A.B. asks: 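So that we are looking at the same thing, I have put the structure below in structure tokens.
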Amino acid sequence: MDFTYKNTSVYFSCKGKGSAVVLLHGFLENSTMWSKIVEVLQKKHKVICIDLLGHGKTGNLGYIHTMDEQANMVKAVLNHLKLRKYIIVGHSMGGYIALSIAKLYPKNIKGLCLMNSTFLPDSKAKKQHRNRAILAVKQNYKTFIKVSIPMLFSEENALKLKKEMSGIIKEALKMTPQGIVAALEGMKIREDYSFILEKKQFPILMILGKQDPVLDYNSLKNQTKNKPIQVVDFSGGHMSHVENIQDLICTLLTFIKNCKKT
């Protein structure tokens, strides 16, 4: 289905009935990444998947897609669907957007799951890495995609999951350079969301990959020390929805069930 936000076409899907679960994909991905998870969740829940700005079938708004702009777009879609309360699951960049929604609209959140994501902003080194990525995209975005996506998997899984990886690359190649750059610029300037950890407004789950090549596992663990948050570790890398799909589905089902009790 399509929705218009600030004169830009936004693609989303809404399947199933019951309590609402919103799935937000990561950078270079789109809502198709959730297909196996939607198959399971839609049996008991209303599952909403949205192509974020510049990704999938959703257009671009400008040179920078900030996390707050993405969050407001998602909120507009959810308002259009007349949804008042929902659980949000965000993968990587989708997690940053989920945190922005939690900051801007905390009363609408029943539960928040960060999957291979972080509460912290980019470090100085990470910002420099983003700048190099932006230059690479401007030089040859197709090469950037083909190089970047394999680096999201653990070394072992990068060899085992070549077919799945090819599918992800194929989807990412549908993006425009503008969409890729706008996301990189937006992630680079995102804020520190650590304050959300302290507020205890809703249940929070953090899913970590022990071999995540993008986010340091030990740093992520330290973020959650002595915090009112559930942490689940998987054996793979940054792509838990591919590398640990069955474990992920079980974990999400349990989390959603627990959120409904609160």
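Small disclaimer: the values here were computed from a predicted structure and weren't measured.
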A.B. asks: Which pair of non-hydrogen atoms, one from Ala136 and one from Phe144, has the smallest distance, and what is that distance?
C.D. replies: CB-CD1, 4.1 Å
A.B. asks: Are any non-hydrogen side-chain atoms of Phe153 and Gln211 less than 4.5 angstrom apart?
C.D. replies: no
A.B. asks: Going through the checks in order, is the side-chain hydrogen bond (donor to acceptor under 3.5 Å, both in side chains) test met by Ser240 and Asn116?
C.D. replies: CA-CA 7 Å; Ser240 294; Asn116 315 113; 3.0 Å; yes
A.B. asks: Excluding sequence neighbours, so at least two apart, what forms side chain to side chain contact (heavy atoms under 4.5 Å, CB included) with Asn60?
C.D. replies: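 Result, side chain to side chain contact (heavy atoms under 4.5 Å, CB included) vs Asn60: His65, Thr176, Gln178.
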A.B. asks: Lys75 vs Gln70, test: side-chain contact (heavy atoms from CB on, under 4.5 Å). Steps then yes/no.
C.D. replies: CA-CA 9 Å; Lys75 184 67 165 61; Gln70 295 269 22; over 6 Å; no
A.B. asks: List the steps and the verdict of side-chain hydrogen bond (donor to acceptor under 3.5 Å, both in side chains) for Ser19 and His45.
C.D. replies: CA-CA 5 Å; Ser19 55; His45 307 284; 3.0 Å; yes
A.B. asks: Which heavy atom in Gly236 sits nearest to a heavy atom in Asn244, and how many Å separate them?
C.D. replies: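 Looks like N-OD1, 3.5 Å.
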A.B. asks: Quick one: are Tyr217 and Asn222 in side-chain contact, heavy atoms under 4.5 Å?
C.D. replies: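 No, every pair of side-chain atoms sits at 4.5 Å or beyond.
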A.B. asks: Determine whether a donor-acceptor pair (N or O, by modelled atom type, separation under 3.5 Å) exists between the side chain of Asn108 and the backbone of Arg84.
C.D. replies: yes
A.B. asks: Are side-chain heavy atoms of Val89 and Leu24 found at a separation under 4.5 Å?
C.D. replies: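 Counting from C-beta outward, Val89 and Leu24 never come under 4.5 Å.
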A.B. asks: Would a single hydrophobic cluster contain both Met151 and Met93, if residues Ile, Leu, Val, Met, Phe, Trp and Tyr are joined by side-chain heavy-atom contacts under 4.5 Å?
C.D. replies: no
A.B. asks: With a 4.5 Å limit on heavy-atom distance, are the side chains of Ile101 and Ile109 in contact?
C.D. replies: yes
A.B. asks: Are any of the side-chain heavy atoms of Tyr86 and Leu78 separated by less than 4.5 Å?
C.D. replies: yes
A.B. asks: Taking atom CZ of Arg130 and atom CG of Leu184, what is their separation to the nearest 0.5 Å?
C.D. replies: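 Separation between the atoms: 6.5 Å.
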A.B. asks: Met175 and Leu173: side-chain contact (heavy atoms from CB on, under 4.5 Å), yes or no, with the steps?
C.D. replies: CA-CA 5 Å; Met175 291 182 69; Leu173 287 170; over 6 Å; no
A.B. asks: Using every non-hydrogen atom in the two residues, find where Ala172 and Ile145 come nearest and quote the distance to one decimal.
C.D. replies: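 Scanning both residues, the minimum pair turns out to be O-CD1, 3.3 Å.
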A.B. asks: Is Tyr141 reachable from Leu152 through a run of I, L, V, M, F, W or Y residues, each pair having side-chain heavy atoms under 4.5 Å apart?
C.D. replies: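 Both belong to a single hydrophobic cluster.
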A.B. asks: Inspect the contact between Lys221 and Asp233 and indicate whether a charged nitrogen and a carboxylate oxygen are less than 4.0 angstrom apart.
C.D. replies: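 Salt bridge between Asp233 and Lys221, a charged N being under 4.0 Å from a carboxylate O: yes.
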A.B. asks: So that I can tick it off, tell me whether Glu69 and Lys6 are bridged by a salt bridge, with the cut-off set at under 4.0 angstrom between side-chain N and carboxylate O.
C.D. replies: yes
A.B. asks: Are Tyr105 and Asn72 linked by a side-chain donor-acceptor pair shorter than 3.5 Å?
C.D. replies: yes
A.B. asks: Take atom CD in Gln201; do more than 12 heavy atoms of anything else shown fall under 6.0 Å from it?
C.D. replies: yes
A.B. asks: Taking C-beta and beyond as the side chain, do Phe202 and Leu112 meet within less than 4.5 Å on heavy atoms?
C.D. replies: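 Touching, per the 4.5 Å side-chain cut-off.
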A.B. asks: Using 30° and 60° as the class limits, which term best fits the ring planes of His241 and Trp34: parallel, tilted or perpendicular?
C.D. replies: tilted
A.B. asks: Taking all atoms of both residues into account, what is the closest heavy-atom pair of Cys49 and Val38, and its distance?
C.D. replies: SG-CG2, 3.6 Å
A.B. asks: Please determine whether a side-chain nitrogen of the Lys or Arg among Glu185 and Lys188 lies less than 4.0 Å from a carboxylate oxygen of the Asp or Glu.
C.D. replies: yes
A.B. asks: For a quick test of reading the model, state the closest non-hydrogen atom pair linking Ser92 to Ser117 and the distance between them.
C.D. replies: O-OG, 2.8 Å
A.B. asks: In the single-linkage hydrophobic clustering (I, L, V, M, F, W, Y; side-chain heavy atoms under 4.5 Å), do Leu53 and Ile189 co-cluster?
C.D. replies: yes
A.B. asks: Once rounded to the nearest 0.5 Å, what's the spacing between atom CZ of Phe3 and atom OH of Tyr11?
C.D. replies: 15.5 Å
A.B. asks: Is any side-chain N of the basic residue among Arg190 and Asp68 closer than 4.0 Å to the acidic one's carboxylate O?
C.D. replies: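 Looking at Arg190 and Asp68, the cut-off is not met.
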A.B. asks: NZ of Lys227 to CD of Gln223: how many Å apart, nearest 0.5 Å?
C.D. replies: 9.0 Å
A.B. asks: Quick one: CG on Leu23 to CD1 on Ile50, what's the gap to the nearest 0.5 Å?
C.D. replies: 9.5 Å
A.B. asks: Would the His91 and His238 ring centres measure less than 6.0 Å apart?
C.D. replies: yes
A.B. asks: Look at atom NZ of Lys85 and say whether more than 12 heavy atoms of other residues, nucleotides or ligands are closer to it than 6.0 Å.
C.D. replies: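 Result for NZ/Lys85: enclosed.
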A.B. asks: Would a 4.5 Å heavy-atom cut-off, applied to side chains only, mark Leu52 and Thr58 as touching?
C.D. replies: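 In short, these two side chains do not touch, never coming nearer than 4.5 Å.
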A.B. asks: Calculate, to the nearest 0.5 Å, the distance between atoms CD1 and CD belonging to Ile168 and Glu29 respectively.
C.D. replies: 6.5 Å
A.B. asks: Salt bridge or not between Lys103 and Glu191? Use side-chain N to carboxylate O under 4.0 Å.
C.D. replies: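 Yes, charged N to carboxylate O under 4.0 Å.
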A.B. asks: Hey, what do you get for CG (Asp216) to OG1 (Thr118), rounding to the nearest 0.5 Å?
C.D. replies: 10.0 Å
A.B. asks: Check the hydrophobic clustering (I, L, V, M, F, W, Y; side-chain heavy atoms under 4.5 Å; chains of links allowed) and say if Met1 and Val47 are grouped together.
C.D. replies: no
A.B. asks: Check whether any side-chain heavy atom of Ile207 sits under 4.5 Å from a side-chain heavy atom of Leu114, and report yes or no.
C.D. replies: no
A.B. asks: Tell me if the CG atom of Asn7 is crowded by more than 12 foreign heavy atoms within 6.0 Å.
C.D. replies: no
A.B. asks: After noting the C-alpha distance and the side-chain angles of Val10 and Asp51, does the key distance pass the side-chain contact (heavy atoms from CB on, under 4.5 Å) rule?
C.D. replies: CA-CA 7 Å; Val10 174; Asp51 281 349; 5.9 Å; no
A.B. asks: Does the side-chain contact (heavy atoms from CB on, under 4.5 Å) test come out yes or no for Glu243 and Lys160, once each step is laid out?
C.D. replies: CA-CA 9 Å; Glu243 297 176 81; Lys160 285 198 308 189; over 6 Å; no
A.B. asks: Transitively linked via ILVMFWY side-chain contacts under 4.5 Å: Phe12 with Val22?
C.D. replies: yes
A.B. asks: Could you pull out the closest heavy-atom pair between Ala158 and Pro150, with the gap in Å?
C.D. replies: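 Closest approach of Ala158 to Pro150, heavy atoms only: CB-O, 4.2 Å.
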